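Nothing here was measured: the structure is a model prediction, and the numbers come from that model. All chains are named by letter (A, B, ...) in the order of the sequence lines, taking the proteins before the strands, and each is independently numbered beginning at 1.
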Amino acid sequence: MRSETLVTKISSVYVEDGILYTTYTAPHIHLEDSKQDIVLIKAAFADFLPLPLVIDNRQVKTTSKEARDYFASDEAASMVTCSAIVLNSMLAKISINLFLQFSSPRYPVKMFTDMESAIKWASQFKK
Amino acid sequence: MDKSRIVKSTIAEISFDNGIIYIDYYPMQEANLENAEELVNLIKTNFADVLPALLLSDISKLKNTTKEARDYIGSDAVAPLLKASAVIANSLLSKIIGNLFLKFNKPTYPTKLFSDKQAALLWLETYRNQ
């Protein structure tokens, strides 16, 4: 069963069958919007967290370094058990690789080109 | 419920039963400083004999709360009136309002969010004799 959808400045977020789904709707992701997102997601879905996270990143063109570092921080990491990221561009893949290499998130992260595979992988991290 | 102890404010109905003050907000209201102060003053006036009390409020139907209202509700002006406050928040918006209140206002009285009334009442019972 799907929860209500939280719509923020940069994303659309809901919980369904034990997975947190985030679709980024903004082309450029910056630190301040990311911080606000995390605060709202934690407030809206406090009853469910932490959860496996499936991110639809296909509309994103750039993510700032500060935002990437923030997504790896304890503040963000405490929300998720893993992060499956669906993307469709070489630029996005480079950005995620930078995230993995330099931001060093302490939760499992994997890239995918389709939603179905992302969900299948993330499901193994359900509580 | 003792129907003689039902009071209506601009944004909510306040009632009392078995040691618990109930606040049921009307649909689509915005809680601001003015109507929050009105609510608290009505409680002080009409339920003075039972204070400090256990409080059960349902914010699921609220449209919005202003920062000034949240700051006031979480302040020391309200704390002496309450032993504990159980807040029912069933909608996404009300969960956000409730959790942000807890995070940023940090009320000095015990406050907890619930999705269902039964769990809220059970929790309040633990504060009845305090």
A.B. asks: Around B/E34, counting heavy atoms of other residues, nucleotides and ligands shown, do more than 12 lie under 6.0 Å from its CD?
C.D. replies: no
A.B. asks: Give the C-alpha distance, both sets of side-chain angles, the deciding distance and a yes or no for side-chain contact (heavy atoms from CB on, under 4.5 Å) between A/V39 and B/F104.
C.D. replies: CA-CA 11 Å; A/V39 167; B/F104 292 111; 4.2 Å; yes
A.B. asks: In terms of hydrophobic clusters joined by side-chain contacts under 4.5 Å, are B/I11 and B/I14 together?
C.D. replies: yes
A.B. asks: At a heavy-atom separation under 4.5 Å, does A/T5 approach chain B through its side chain, its backbone, both, or neither?
C.D. replies: backbone
A.B. asks: Do you know the tightest heavy-atom contact between B/K95 and A/D47?
C.D. replies: NZ-OD2, 3.3 Å
A.B. asks: CD of A/Q124: more than 12 outside heavy atoms within 6.0 angstrom?
C.D. replies: yes
A.B. asks: Got more than 12 heavy atoms from elsewhere within 6.0 Å of NZ, A/K126?
C.D. replies: yes
A.B. asks: Heavy atoms, side chains only, cut-off 4.5 Å: are A/K42 and B/N99 in contact?
C.D. replies: no
A.B. asks: Is it the case that more than 12 heavy atoms not belonging to B/K61 sit under 6.0 Å from its NZ atom?
C.D. replies: yes
A.B. asks: Measure distances from B/S115 to the heavy atoms of chain A and classify the residue's part below 4.5 Å as side chain, backbone, both or neither.
C.D. replies: side chain
A.B. asks: Is the count of non-hydrogen atoms from other residues, nucleotides or ligands lying under 6.0 Å from B/N129 atom CG greater than 12?
C.D. replies: no
A.B. asks: Please step through side-chain contact (heavy atoms from CB on, under 4.5 Å) for the pair A/L6 and B/I96, ending with a clear verdict.
C.D. replies: CA-CA 10 Å; A/L6 169 69; B/I96 291 173; 3.5 Å; yes
A.B. asks: I would like to know whether B/L100 and A/L40 meet side-chain contact (heavy atoms from CB on, under 4.5 Å); could you show each step before the answer?
C.D. replies: CA-CA 8 Å; B/L100 290 181; A/L40 288 172; 4.3 Å; yes
